[in-house]
Each structure stands twice: as structure tokens, then as C-alpha cells.
Trainee: 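Let me give you the structure first, and then I'll get to my questions.
Each chain gets a letter, A, B and so on, in the order its sequence line appears, and its residues count up from 1.
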2 protein chains.
Amino acid sequence: MDHTTAEARLLDAADALFYERGIQAVGMDAIRQASGVSLKRTYQLFPSKEHLVEAVLRRRDRAIREQISAYTSARATPAERVLAVFDYLYDWFGQPDFRGCAFINSFAELGPASANVVDIVRAHKQAVADHLAALVAAAGRSPALAAQLLVLANGAMVTAAIVGSPEPARDARAAAQRLLDADPAT
Amino acid sequence: MDHTTAEARLLDAADALFYERGIQAVGMDAIRQASGVSLKRTYQLFPSKEHLVEAVLRRRDRAIREQISAYTSARATPAERVLAVFDYLYDWFGQPDFRGCAFINSFAELGPASANVVDIVRAHKQAVADHLAALVAAAGRSPALAAQLLVLANGAMVTAAIVGSPEPARDARAAAQRLLDADPAT
DNA sequence: GCAACCGGAGAACGAACGTTCTCTCGATGT
DNA sequence: ACATCGAGAGAACGTTCGTTCTCCGGTTGC
């Protein structure tokens, strides 16, 4: 197994385990078993568990932003592109292994102890907020609306995770639709 | 120190430490030091750390619901009582030790490992949702609006925690105001 | 064929933590 | 005054975990 596939296997295994069980609950040995990469190799690629956690979060940040872009860019009108964010959420929440937003979860678990994790989580949420703000601006709506829609999106993630249902995405989408209607294009 | 004050000191110290540093990051010895209650007494009152965690969450559930009731019942009209929930959030987020919602954080940290914690978190969010639904119904609005406002409230909590600002409460309140306006009383 | 090296498996190590135990002291009842 | 009980301080125990080390087998270059 070469360098890059070992790294990919590690990131895949760690990402899945961290998301499913929580970061602190997953030992390095579980990652070794799931990835098939020895501990020695693992510590050559990532000098500590925290480095691995940060790499996992950074990769997930890129993947999520690409997914959101795929959803929004597939729609025809600016308003539809805004609402597509909430369709993305609904599809995500319906996946059987959905356990909430990994960034919100990591922030809750490691925020008090790890400034690096806080920075990564903040950067991710800021990037999503920027994307949403661009879509809202393209639809001719106000920045205030973008802030409101970000709150709706984050709220849908935690509410869906806790109640164990994808419906909060529909609630958030309905609210977003009404807010779009109530914030007429300039 | 008698039975009940020892219990109160333990719950106070554990609640503050769990909220500030996360549950898994706080050892029983830190709780002993902060509370002044010996480990022996602690284990007589709470047979395990998990029992203590659950007691802390249940007490916080009661306290938060009382605070919300105090905010909402102080307003004159049904619509104002709905919006008072978001004023409560703004005041809460502005407190210097604000670190997000303890229930959302506990769910993220212990949800995969503790079904009891999941039950307590779900019950808390359901109780808040019920309260909100009653206020919305009293204002003559639809249950769908109540679901949307719950998403807004939860989203304000996580967004404010991550960005480190109370402003998301204002964003959520503005959205709630518009949604109330767009959902006219029956 | 052989020696040198790289990587894997798993033991080992040190720290942290939840929980229990020991020892001692002070209070209480008679 | 004295015996008894309960509680506190802190050591101790067993486990888990992050990280490192050891040993060994296979591969590669001559």
C-alpha cells in the first residue's frame, strides 16, 4: 500500500468512526483496525490524533462545500438556488447514518480543549455562510436575509439530529421560502 | 454539610464544569475540588458519573424552562410572548460564559454512547417545542410556524456559540417576526 | 545467495480517569 | 471518659488510551 492510499484509507476510516461514535470515543486502535493501516504508518502520516482529527475535518469541509455547490448550481433561478440548500439538507438528513453536523459535534466535543478545532469549525461555517450570502445577493435580497437563512440551516441540522427525523429540513425550507417572499428583490 | 447542600454543591460544580469544559474532559476529582464534597459522599449521592451527568441535565432542563416561562409570561400579547423567546436567547448568548446549549453539546458528546442522555436531551427539546407550540397556538398561528420557530431557536444557539456573538439571536428574532407577519392569525 | 532495510503486528509504557479502599479523626450517645 | 459510627483525605486499583518500541518477516539491490 503506497503513501497516498494509506492516507486516504486513514481519513476514510477516521471520518466514519469519528462521525458515528464521537471523536473522543474512538481510539487509535479502532482506526487502525478499520483502515488496515498500521499504527507506525499512521503516526508517520499524522504525528498525533489531533493532527488526524484536523485533517479529517478539513477534508470534510471541502467535500460538503462541493456537495452544496452541486446542489445549488443545478438550479435555474437565483431564488431556487437559495432554496436548494435546504433540499440538500433534507437529502442529507435522510441518510441512515445521519448523526448531525460533524462540525457542530466536533465544536461541542473539542471546542473547550482545542483552539485549532474551533478555528476549523468557524472557517467551515463561515465558508458556508459566504456561499449562502452570495446566493442571496444574486437573488437581489438583503444580507440580513442571508444571516437568517444561515440560522435556519444550522437549526435544521441540530433539530433533525436530536429528533431523529429529516422533517426539520422541510420546516426550514418552508420558512426560507416565506422569508424570501417577504424580502422582495431590490 | 448535610445531605441536600452536598447534593446542591455537587450539581452546581458539575454543571459549571461540564458546561465550561465538556463532560468527558471533567474528571470526578475536579468536581470534588470545585464542590468541596468528598468522593465518598459523591458516590453515595450519585452511584456513577453518568448518574451525576443525568441529574445535572435534568436540573438544567427545569431551570431553563422556568427562565423561558418567566420571559414569555411577562409580555402582554400572544405575538409578543412568541418573540420573547428570542429575547431570552439574546440575553443568554450575551453572558460571558456562554458556550452554546448544554443539551446540544451533551448530545454531540455523549449521544453515540448514552441512550439515557439522548432521552433527556430529546425530552428537553420536546418540552421547549411544546411550550413554543402553545404560544404560537395562543397567537392563532399554525403548528407549522411553531416548527419553523423551533428550528430558528436551535439554530441561533449553535450559530451564536460557533461565531462567538449574540447576534444570531437578533437574526432569528427578525426572521420570527417576519414569519409571524406572513402567517396571519386565523 | 545474501545483507540491509522497510514496514507490520503487537507488546510496552506512561498518563489519566472512574471507582473503591484504607486510615485517621472528630462527633455523638451514654 | 469511652466506644462507635460516619465522613474526609488521599492512596490504590484496574482499565483505557495515545504514543513508542521491539521483534520479525519479506523485499530489494548486488
Trainee: Is the NZ or CZ atom of A:R170 positioned over A:Y90's six-membered ring, under 6.0 angstrom from the centre and within 45° of the axis?
Mentor: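 Flagged: A:R170 positioned over aromatic ring of A:Y90.
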
Trainee: Please report, rounded to the nearest Å, how far the C1' atom of C:dT20 is from the CG atom of B:D29.
Mentor: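 In whole Å, C:dT20 C1' lies 14 Å from B:D29 CG.
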
Trainee: Closest nucleotide of DNA chain C for B:M28 versus for A:S38: which of these residues is on the 5' side?
Mentor: A:S38

Trainee: Give a yes or no on whether B:R9 atom CZ has more than 12 heavy-atom contacts from other residues, nucleotides or ligands under 6.0 Å away.
Mentor: no

Trainee: Relative to the ring of A:H124, is the ring of A:F103 parallel (under 30°), tilted (30 to 60°) or perpendicular (over 60°)?
Mentor: parallel

Trainee: Rounded to whole Å, please give me the gap between CG in A:L52 and P in D:dC17.
Mentor: 16 Å

Trainee: Do the side-chain N and O atoms of B:E54 and B:N116 include a donor-acceptor pair separated by under 3.5 angstrom?
Mentor: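 Short answer, yes.
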
Trainee: Using atom CZ of B:R32 as one end and atom P of D:dA7 as the other, report the distance to the nearest whole Å.
Mentor: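 About 17 Å, once rounded to whole Å.
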
Trainee: Without decimals, in angstroms, what is the distance between B:F46 CZ and C:dG18 P?
Mentor: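 Checked: the CZ to P distance equals 15 Å.
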
Trainee: For the helix from C:dG1-D:dC30 to C:dT30-D:dA1, measure the angle between the helix axis at one end and the axis at the other, each built from five pairs, rounding to 10°.
Mentor: 0°

Trainee: In whole angstroms, how far is the C1' atom of D:dG8 from the CZ atom of B:R9?
Mentor: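 Rounding to the nearest Å, CZ of B:R9 and C1' of D:dG8 are 14 Å apart.
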
Trainee: Checking A:D97 against A:Y19: is there a side-chain donor and acceptor pair closer than 3.5 Å?
Mentor: no

Trainee: Identify whether any heavy atom of A:V26 sits under 4.0 Å from a base atom; if not, whether one sits that close to sugar-phosphate; answer base, sugar-phosphate or nothing.
Mentor: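 Sugar-phosphate contact only.
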
Trainee: What about A:K40, does its side chain sit under 3.5 Å from the base of C:dG8 through a donor-acceptor pair?
Mentor: yes

Trainee: Can you confirm whether B:K49 sits close enough to B:M28 that some side-chain heavy atom of one is under 4.5 Å from a side-chain heavy atom of the other?
Mentor: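 Contact flag for B:K49/B:M28 side chains = yes.
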
Trainee: When the distance from CZ of B:R41 to P of C:dG18 is rounded to whole Å, what number comes out?
Mentor: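 The distance from CZ of B:R41 to P of C:dG18 comes to 21 Å, rounded to the nearest Å.
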
Trainee: What integer distance in Å separates B:L39:CG from C:dC17:C1'?
Mentor: 11 Å

Trainee: Determine whether the side chains of A:Q126 and A:D130 contain a donor N or O and an acceptor N or O closer than 3.5 Å.
Mentor: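 Judged by distance alone, the side chains do pair up.
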
Trainee: Whole Å only: how far is the CZ atom of A:R21 from the P atom of D:dT16?
Mentor: 14 Å

